[in-house]
Amino acid sequence: MLKMAVFVLADIESHGDMGRLVNALVAVKEAKDAGDTVALVFDGAGTRWPGVLIDPGHPVHPLYDAVRDQVTGACRFCADAFGVEEEVGRAGLSLLDQYDHHPSLRSYLADNYHVVTF
């Protein structure tokens, strides 16, 4: 069984950003379906996605909904920097601040996770 942490850094601005998001969600879904341990983290500009993805009318919502239980949370510092702390909260996600107000990438590596960024 693999352990994988997927960090979404892509913004919400372009078609390419949505492509990176979809690739991240598909990777999480594949790992989940295989019974792997997987954590999805929204970081950087990626903290803007949770507020968008909770809209049932968004074309990526069904894929997000399929992996929502794998979401660990969103970076506290970045959510604040991008002005989306409230949206992250409405999406029901935790704000992660294990290291200097950011999620701890090192903790995943120390726990033998494969870290993938999109």
Side-chain angles (χ1 to χ4, degrees):
M1 178 177 2
L2 289 175
K3 291 167 51 172
M4 182 169 55
V6 175
F7 280 69
V8 174
L9 303 167
D11 205 338
I12 62 172
E13 297 296 321
S14 73
H15 188 70
D17 292 326
M18 188 182 309
R20 284 184 286 283
L21 169 73
V22 168
N23 286 333
L25 297 179
V26 168
V28 170
K29 187 172 184 311
E30 179 183 14
K32 176 184 172 179
D33 289 350
D36 296 333
T37 299
V38 62
L40 175 59
V41 178
F42 293 96
D43 204 353
T47 58
R48 297 174 73 191
W49 276 112
V52 172
L53 294 172
I54 60 171
D55 174 4
H58 192 278
V60 182
H61 175 79
L63 179 57
Y64 174 69
D65 205 39
V67 299
R68 190 185 299 216
D69 59 338
Q70 304 303 304
V71 178
T72 302
C75 175
R76 177 180 298 279
F77 183 90
C78 296
D80 179 54
F82 284 93
V84 293
E85 281 185 311
E86 201 170 295
E87 288 87 344
V88 168
R90 273 198 305 272
L93 302 185
S94 299
L95 291 168
L96 307 174
D97 59 2
Q98 298 93 342
Y99 182 77
D100 203 17
H101 306 288
H102 293 273
S104 174
L105 180 61
R106 185 186 182 284
S107 68
Y108 286 108
L109 294 170
D111 200 19
N112 296 312
Y113 277 73
H114 297 274
V115 176
V116 183
T117 61
F118 290 90

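The figures here come from the full heavy-atom set of this structure, side chains too, leaving out hydrogens, waters and symmetry mates. Here, residue 1 is the first one in the sequence, and each next residue gets the next number.
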| field | Val115 with Val67, same ILVMFWY side-chain cluster at under 4.5 Å | value | no
| field | Residue pair Asp80, His101: steps toward the side chain to side chain contact (heavy atoms under 4.5 Å, CB included) verdict | value | CA-CA 10 Å; Asp80 179 54; His101 306 288; over 6 Å; no
| field | Contact summary for Ala24 and Val8, nearest pair of heavy atoms | value | CB-CG2, 3.7 Å
| request: For residues Thr37 and Tyr113, determine if any side-chain heavy atom of one lies less than 4.5 Å from a side-chain heavy atom of the other. | output: yes
| field | Minimal non-hydrogen separation, Leu53 against His61, with atom names | value | O-ND1, 2.7 Å
| request: Could you grab the distance from atom CG of Leu25 to atom NZ of Lys32, nearest 0.5 Å is fine? | output: 11.5 Å
| To the nearest 0.5 Å, how far apart are SG in Cys75 and CZ in Phe82? | 9.5 Å
| Mind checking whether Phe77 and His102 have parallel, tilted or perpendicular rings, split at 30° and 60°? | tilted
| field | Heavy-atom check, side chain of Ser107 versus side chain of Gln98, under 4.5 Å | value | no
| query | Are any non-hydrogen side-chain atoms of Val6 and Val41 less than 4.5 angstrom apart? | reply | no
| field | Val88 reachable from Tyr64 in the ILVMFWY side-chain graph, under 4.5 Å edges | value | yes
| Are the side chain of Trp49 and the backbone N or O of Leu21 linked by a donor-acceptor pair below 3.5 Å? | no
| request: Could you state whether Leu63 and Leu93 fall into the same hydrophobic cluster, counting links through intermediate Ile, Leu, Val, Met, Phe, Trp or Tyr residues with side-chain heavy atoms under 4.5 angstrom apart? | output: yes
| said: I'd like to check Asp36 versus Met4 (side-chain heavy atoms, cut-off strictly below 4.5 Å). Are they in contact? | reply: no
| request: Measure the shortest side-chain to side-chain distance between Pro103 and Asp43 over non-hydrogen atoms and say whether it is less than 4.5 angstrom. | output: yes
| Does a sphere of radius 6.0 Å around NZ in Lys29 hold more than 12 heavy atoms from other residues, nucleotides or ligands, not counting ones at 6.0 Å or beyond? | no
| said: Do Arg76 and Glu85 make a side-chain contact, defined as non-hydrogen atoms from C-beta onward lying under 4.5 Å apart? | reply: yes
| Got a sec: does the CZ of Arg90 have more than 12 other heavy atoms crowding it under 6.0 Å? | yes
| request: Starting from the C-alpha separation in whole Å, work towards a yes-or-no answer on salt bridge (Lys or Arg N to Asp or Glu O under 4.0 Å) for Glu13 and Arg48. | output: CA-CA 10 Å; Glu13 297 296 321; Arg48 297 174 73 191; 2.9 Å; yes
| request: Mark yes or no for whether Lys3, through its side chain, and Tyr108, through its backbone, hold a donor-acceptor pair below 3.5 Å. | output: no
| query | Side chains of Val60 and Val22: closer than 4.5 Å at any heavy-atom pair? | reply | yes
| message | I'd like to check Phe7 versus Leu40 (side-chain heavy atoms, cut-off strictly below 4.5 Å). Are they in contact? | response | no
| message | Test of understanding: clusters of I, L, V, M, F, W, Y form through side-chain heavy atoms closer than 4.5 Å, transitively. Do Phe42 and Leu95 belong to the same one? | response | yes
| task | Could you point out which residue of Thr47, Leu9, Leu96 forms a side-chain contact (heavy atoms from CB on, under 4.5 Å) with Cys78? | result | Thr47
| Any chain of hydrophobic side-chain contacts (each under 4.5 Å) joining Met18 to Val71? | yes
| message | Minimum heavy-atom separation for Ser14 and Arg20, please, with both atom names. | response | OG-NH2, 4.4 Å
| Looking only at heavy atoms, which two atoms of Pro62 and Pro59 are closest? And how far apart? | CD-O, 3.6 Å
| query | Which heavy atom in Arg68 sits nearest to a heavy atom in Ala91, and how many Å separate them? | reply | NH1-O, 4.4 Å
